[in-house]
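Following this message is one structure expressed as structure tokens.
All of these numbers come straight from a predicted model, not from anything done at the bench. So that the names make sense, note that chain A is the first sequence line, chain B the second, and so on, each numbered from 1.
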Amino acid sequence: MCGVLRAADAGKKAVLMGWVNRRRDHGNLLFIDLRDRTGVTQIVFNTDRDRAVHEKAETLRNEYVIAVIGKVKMRDPNTINPNMATGEVELVADELRILNESKLPPFLPSDTALTNEETRLKYRYIDLRRDVMQFNIETRHKVAKAIRDYLSSQGFFEIETPFMTRSTPEGARDYLVPSRVQLGTFYALPQSPQLFKQILMISGFDKYFQIVRCFRDEDLRADRQPEFTQIDLEMSYPQPESVWSVVEGFLTAAFAAAGYTIQTPFPRMDYDEAIRLYGIDKPDLRLPPFTDVRECFSPENLQELAINPNLPVIAIRIPRVGELSRKERDDIKPMFHSKGGARVYEDFKRIANRYADAAKKIAEKTGMAEGDLIVLVAGSAQASSGETAFAPHRKVTPQELAIYASAGLLRLALAQKYAERHQCFQKGDFRFLWVTNFPMFEWDESEKQWMAAHHPFTSPHEQDMKLLEEGVESLHDPLSPLSAVRALAYDIVLNGTELGSGSIRIHRQDVQSRIFRALGMNEEEAKARFGFFLEALEYGTPPHGGIALGLDRIVMILAGAESLREVIPFPKTARAVDLMVDAPTPVSEKQLKELGISVRKTVT
RNA sequence: GGGGACGUAGUUCAGUUGGUUAGAACGCUGCCCUGUCACGGCAGAGGCCGCGGGUUCGAGUCCCGUCGUCCCCGCCA
């Protein structure tokens, strides 16, 4: 292979095959850098050695595929290239075969400037030849293999579940597949193998995993593709801790495969605490948490500043940002997206001038050092509370949540904007976190009702069963005790990215029915949608639970990539189009007719 | 569904206040070159300025629309 020859191989005969990466033509002396996925080796064609072979080599162009037979030669000391792994040697060509010519590609894998993504995606086969992409795809393979090996070693079976399955119109939109044999009916591609893996537990395969494609017909983002790969697993008789330790085990193996050592066990944090300290359920631990500095102000101060004294006053600290210019300070306000009347005080100096005492306490309480940026976020005193009134059962009220969430988004925006200054985002710094005890239900303001925060198969806390019972008929009551029901659900978070989400599931049919009822699904509806599953639950279902992690996101972080598209060989654009194969496309009248489908010109 | 950025040579980009023939680098083609490695030298080819309309004596530049790519909000149980 082109990347393997070393000084020790000098004198040997070798055959190399690959692509012409670069040619340097010196007249009677011609150098070719020959590339394959392992690397690059310099080939030398010399008229002194063989005039005919050299002449043939003159016709070589970029991306031709060739085979070269020659002798590995130690380079003269002054021609050694220390920047190449193979730089001590070169292959002196005795024979050249042109295996295939190449049209001039729209861009070259050896280009240093990165071509625009549209062209890269259209000519993905060229793009994938670039060494960065080769590295990313190799990393992906190694990570997946390490995970497979680890889970197999722990007694997990990899079991396949169907891609053509049943539409469950909850959550994300389904991709539908029409059935020809059953006219007018549709399969759906799975959003996740959730119910199948639970049924596998009922079937006695007490440790299951699958590295599996999932499909969701929702709008895309840099970290969201319509088809993506999950590391899906489920086990019987687990505590949350047993799931966590399995995940910590395979992540250790996966990161080791990519050359990184990580520390386990990962820290854990209650959902409520994550909200209070970071304003988000996926905290990035690489930067300092919030500090509530309400106590640093006197009641009179708060009144003058028109700050609501009943809500937290949050100090966001970003280290080492240094003095901000007037313009930079002004730029903070537009970065702030207020929720529920939250207000931003971006000019800490002004606060310090007016309230020296308070500022001193804040500096102390936040651990502020010279050059640190402090921004305050607080509730407005006169904010009309047009929002839904207090949910008295929650530790964090909706009003508080609004403040925390606004501050959380600003914290991330500032962290990203000043990443070069605070230097907290270092390659190889992996800060994992388990976020636990999520609320079971979330209030949907547009539907004016409670929804499952995770999914409806998540088990509530044993201690909260009573609240569930009390709240089971209060779907539309924002004050319902449902608000306080905690779920045995947990997320794994890495550097502010949600890698995965899991839970202990409901294994009793009566509890499952109660959850459906609390979600406003009557027995008939529940039966129509999940009847097969409810029935299965009645035949001796063991307690079980599991998790699913996004493989693409893990590889993205390991590869240091900004987008999932960099670690998925054939990804889709923001409009869910594959530019290489040009999909989706209309289909022929004949195909539609066979399926009994007609297409409307507009969606109404 | 909403907001924002971008679209000029094969590629990456520049293009002033609207004003002669739209430039550079890399790549490409030809010639020269025996130690280069992002080789070098000389010469050359290559443009529907995304598309459509408008304003103007005159549009790459201003306006409207449209298409495409990217980012964000909504959405993602």
Side-chain angles (χ1 to χ4, degrees), chain A residues 21-34 40-49 54 58 61-63 73 75-84 86-87 90 92 103-123 126-127 168-174 191-192 194-195 214-226 228 334-335 337 339 409 412-413 416 438 440-442 444-447 450-458 487 489 498 501 503 515-516 519 521 529-530 550 562-563 565 572-577 579 603:
Chain A
N21 198 48
R22 274 217 160 80
R23 51 176 293 206
R24 292 177 293 280
D25 188 350
H26 290 241
N28 289 318
L29 183 66
L30 174 64
F31 299 102
I32 294 287
D33 288 343
L34 195 65
V40 170
T41 297
Q42 173 166 284
I43 315 287
V44 187
F45 295 93
N46 196 325
T47 45
D48 288 350
R49 185 141 185 130
H54 176 272
E58 295 261 88
R61 293 296 179 269
N62 283 325
E63 299 308 303
K73 178 179 155 266
R75 295 199 197 181
D76 290 341
N78 57 324
T79 63
I80 284 176
N81 185 347
N83 301 320
M84 281 171 88
T86 60
E90 59 194 6
V92 182
K103 268 174 68 174
L104 177 66
F107 58 97
L108 291 171
S110 58
D111 279 348
T112 39
L114 198 55
T115 302
N116 83 68
E117 212 174 345
E118 211 174 331
T119 312
R120 287 178 54 205
L121 289 175
K122 177 156 186 212
Y123 298 92
I126 307 287
D127 187 44
T168 51
E170 309 270 319
R173 288 184 196 91
D174 287 323
Q191 298 174 26
S192 92
Q194 183 62 34
L195 294 179
C214 300
F215 307 86
R216 292 181 190 174
D217 185 5
E218 294 294 342
D219 287 351
L220 291 84
R221 288 283 191 285
D223 62 352
R224 266 167 31 195
Q225 283 273 312
F228 57 99
M335 290 163 75
H337 298 285
K339 300 186 180 193
L409 289 175
L412 291 181
Q416 196 159 24
F438 278 77
M440 181 81 196
F441 301 99
E442 255 168 16
D444 183 334
E445 191 58 40
S446 61
E447 301 283 327
W450 292 97
M451 311 261 283
H454 185 55
H455 57 58
F457 314 107
T458 302
E498 180 196 319
S501 193
S503 63
I515 294 286
F516 282 145
L519 290 169
M521 227 186 281
R529 283 188 192 172
F530 303 110
E562 295 287 324
S563 155
R565 294 184 298 274
K572 295 185 175 52
T573 70
R575 283 176 62 253
V577 168
L579 291 175
V603 179

Taking salt bridge (Lys or Arg N to Asp or Glu O under 4.0 Å) as the test, write out the residues that go with A/Arg216, two or more places apart.
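Per chain and number, A/Arg216 pairs via salt bridge (Lys or Arg N to Asp or Glu O under 4.0 Å) with no residue.
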Among residues at least two apart in sequence or on other chains, which ones pass ring pair (Phe, Tyr, Trp, His ring centres under 6.0 Å) with A/Phe45?
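Partners of A/Phe45 under the ring pair (Phe, Tyr, Trp, His ring centres under 6.0 Å) test: none.
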Rounded to whole Å, please give me the gap between NZ in A/Lys73 and P in B/G35.
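In whole Å, B/G35 P and A/Lys73 NZ are 12 Å from each other.
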Roughly how far apart, to the nearest Å, are B/C33 and B/G40 at atom C1'?
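That atom pair is separated by 8 Å.
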Quick one: label A/Glu118 by what it contacts on the DNA or RNA (base, sugar-phosphate, nothing), any heavy atom closer than 4.0 Å.
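If one applies the 4.0 Å heavy-atom cut-off, A/Glu118 turns out to touch the sugar-phosphate alone, with no base involved.
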Categorize A/Leu114 for me: base, sugar-phosphate, or nothing, with a 4.0 angstrom heavy-atom threshold over every strand shown.
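It contacts sugar-phosphate atoms only.
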Distance between the C1' atoms of B/U20 and B/U66, in whole angstroms?
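Those two atoms are separated by 33 Å.
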Holding to ring pair (Phe, Tyr, Trp, His ring centres under 6.0 Å), I want the full list of residues that pass it with A/His455, two or more places apart in sequence or in another chain.
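So A/His455 forms a ring pair (Phe, Tyr, Trp, His ring centres under 6.0 Å) with A/Phe457.
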According to the Watson-Crick and G-U wobble definitions, with both distances under 3.5 Å, which nucleotide is paired to B/U69?
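Base-paired to B/A5.
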Check: A/Leu104 and A/Asn62 side chains under 4.5 Å, non-hydrogen atoms
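No, every pair of side-chain atoms sits at 4.5 Å or beyond.
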B/U11, OP1 or OP2 - any side-chain N/O from A/Asn116 closer than 4.0 Å?
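Result: no.
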Round to a whole Å and report the spacing from NE2 of A/His54 to C1' of B/G35.
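The distance from NE2 of A/His54 to C1' of B/G35 comes to 13 Å, rounded to the nearest Å.
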I'd like to know if A/Glu90 reaches the base of B/G35 with its side chain such that a donor and an acceptor end up less than 3.5 angstrom apart.
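Yes, a donor-acceptor pair under 3.5 Å.
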Mind checking if A/Arg565 touches a base, just sugar-phosphate, or nothing, with heavy atoms under 4.0 Å?
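Here A/Arg565 touches the backbone only, sparing every base.
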Categorize A/Asn46 for me: base, sugar-phosphate, or nothing, with a 4.0 angstrom heavy-atom threshold over every strand shown.
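Base contact.
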Looking only at atom P, what distance separates B/U56 and B/U12, rounded to whole Å?
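Nearest-Å result for B/U56 against B/U12 at atom P: 36 Å.
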Value in whole Å for how far the C1' atom of B/C70 lies from NZ of A/Lys572
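The distance from NZ of A/Lys572 to C1' of B/C70 comes to 18 Å, rounded to the nearest Å.
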When you match A/Leu579 and A/Arg24 each to their closest nucleotide on RNA chain B, which lands nearer the 5' end?
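Nearest-nucleotide comparison on RNA chain B picks A/Arg24.
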Opposite nucleotide pairing with B/C26, Watson-Crick or G-U, both atom distances under 3.5 Å:
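Paired with B/G10.
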Contacts of A/Asp76 that satisfy side-chain contact (heavy atoms from CB on, under 4.5 Å) - sequence neighbours left out
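Result, side-chain contact (heavy atoms from CB on, under 4.5 Å) vs A/Asp76: A/Asn78, A/Thr79.
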Pairing residues for A/Ala413 by the side-chain contact (heavy atoms from CB on, under 4.5 Å) criterion, not counting sequence neighbours
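Only A/Met335 meet the side-chain contact (heavy atoms from CB on, under 4.5 Å) criterion with A/Ala413.
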Which part of the nucleic acid, if any, lies within reach of A/Thr79 when heavy atoms closer than 4.0 Å are counted: base, sugar-phosphate only, or nothing?
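Base, at least one base heavy atom under 4.0 Å.
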Paired with B/G40 by Watson-Crick or G-U wobble geometry, both distances under 3.5 Å: which nucleotide is it?
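Across all strands, the one nucleotide that pairs with B/G40 is B/C32.
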Using OP1 and OP2 only, check whether a side-chain N or O of A/Asn78 sits under 4.0 Å from B/G35.
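No, because none of the side-chain N or O atoms of A/Asn78 sits under 4.0 Å from OP1 or OP2 of B/G35.
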State which residues pass salt bridge (Lys or Arg N to Asp or Glu O under 4.0 Å) with A/Glu447; sequence neighbours excluded, sorted by chain then number.
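In terms of salt bridge (Lys or Arg N to Asp or Glu O under 4.0 Å), with neighbours along the sequence ignored, A/Glu447 is linked to no residue.
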Identify whether the distance between the nearest side-chain nitrogen and carboxylate oxygen of A/Arg24 and A/Asp33 falls below 4.0 Å.
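Salt bridge: yes.
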For B/G50 and B/G7, measure between their C1' atoms and round to the nearest Å.
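About 6 Å, rounded to a whole number of Å.
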Please classify the nucleic acid contact of A/Thr47 as base, sugar-phosphate, or nothing, using heavy-atom distances under 4.0 Å.
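Base contact.
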Please give, in whole Å, the distance from B/C39 C1' to A/Asn21 CG?
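The distance from CG of A/Asn21 to C1' of B/C39 comes to 15 Å, rounded to the nearest Å.
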Considering only atom C1', compute the distance from B/G44 to B/G58 and round it to an integer number of Å.
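Here B/G44 and B/G58 have their C1' atoms 33 Å from each other.
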Pick the nucleotide of RNA chain B nearest each of A/Asn83 and A/Asp48; which residue has the one closer to the 5' end?
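Comparing both residues, the 5'-ward one is A/Asp48.
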Protein-nucleotide distance (A/Ile126, atom CD1; B/U11, atom C1'), rounded to Å
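For the pair A/Ile126 CD1 and B/U11 C1', the rounded distance is 13 Å.
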Aromatic plane relationship, A/Phe530 with A/Phe516 - under 30° parallel, 30 to 60° tilted, over 60° perpendicular:
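If you compare the ring of A/Phe516 with that of A/Phe530, the planes turn out parallel.
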Send over the distance from A/Met335 CE to B/C71 P, rounded to a whole Å.
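Going from A/Met335 (CE) to B/C71 (P), I get 19 Å.
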Each nucleotide N or O in nucleotides 72-74 of chain B that has a protein N or O under 3.5 Å away: list the pair and distance.
residue	atom	partner	partner atom	Å
B/C72	OP2	A/Ala222	N	3.4
B/C73	OP2	A/Arg221	NE	3.0
B/G74	N7	A/Arg221	NH2	2.8
B/G74	O6	A/Arg221	NH1	3.0
B/G74	O6	A/Arg221	NH2	3.3
B/G74	N1	A/Asp219	OD2	2.7
B/G74	N2	A/Asp219	OD2	3.3

Nearest-angstrom distance, C1' atom, B/G46 to B/U8
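Straight-line distance between the two C1' atoms is 14 Å.
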A/Arg75 side chain near A/Asn81 side chain, heavy-atom distance below 4.5 Å:
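Yes. Closest side-chain heavy atoms under 4.5 Å.
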Mind checking side chain to side chain donor-acceptor pair (under 3.5 Å) for A/Lys73 and listing every partner two or more places apart, or none if nothing turns up?
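If we apply the side chain to side chain donor-acceptor pair (under 3.5 Å) test to A/Lys73, skipping adjacent residues, the hits are A/Glu90.
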Heavy-atom check, side chain of A/Glu63 versus side chain of A/Lys103, under 4.5 Å:
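No, side chains not in contact.
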Nucleotide B/U11, atom P - distance to CG of A/Leu108 in whole Å:
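The distance from CG of A/Leu108 to P of B/U11 comes to 12 Å, rounded to the nearest Å.
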Report each atom pair, protein N/O against N/O of nucleotides 30-32 of chain B, whose distance is under 3.5 angstrom.
residue	atom	partner	partner atom	Å
B/G30	OP2	A/Arg61	NH2	3.1

With rounding to the closest Å, how many angstrom separate the C1' atoms on B/A43 and B/C49?
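About 27 Å, rounded to a whole number of Å.
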Minimum heavy-atom distance A/Cys214-A/Gln191, with the two atoms named
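Nearest heavy atoms, A/Cys214 then A/Gln191: CB-O, 3.3 Å.
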Identify whether a stacking contact exists between A/His26 and B/U36, where the ring centres must be under 5.5 Å apart and the planes under 30° apart.
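According to the criterion (under 5.5 Å, under 30°), no, A/His26 does not stack.
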Show each protein N/O and nucleotides 3-10 of chain B N/O combination with a separation under 3.5 Å, one pair to a line.
residue	atom	partner	partner atom	Å
B/G10	O2'	A/Pro106	O	2.6

Closest to the A/Asn28 side chain: B/C75, B/U34, B/U36?
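In terms of side-chain proximity for A/Asn28, the closest of B/C75, B/U34, B/U36 is B/U34.
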Mind checking what makes side-chain contact (heavy atoms from CB on, under 4.5 Å) contact with A/Thr573, not counting sequence neighbours?
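Per chain and number, A/Thr573 pairs via side-chain contact (heavy atoms from CB on, under 4.5 Å) with A/Leu121, A/Arg575, A/Val577, A/Leu579.
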A/Glu218: partners by side chain to side chain donor-acceptor pair (under 3.5 Å), with sequence neighbours left out:
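Side chain to side chain donor-acceptor pair (under 3.5 Å) list for A/Glu218, sorted by chain: A/Arg173.
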Taking any strand in view, what nucleotide pairs with B/U55 in a Watson-Crick or G-U wobble way, both distances under 3.5 Å?
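Paired with B/U55, as far as the under-3.5 Å criterion goes, is no nucleotide at all.
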When rounded to the nearest Å, what value does the distance between C1' atoms of B/C26 and B/A38 take?
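Straight-line distance between the two C1' atoms is 9 Å.
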Just to be sure I understand the rule, does A/Arg75 reach a base, reach only the sugar-phosphate, or reach nothing, if contact means heavy atoms closer than 4.0 Å?
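It contacts base atoms.
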Nucleotide B/G35, atom P - distance to CG of A/Asn81 in whole Å:
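My rounded result for the distance is 16 Å.
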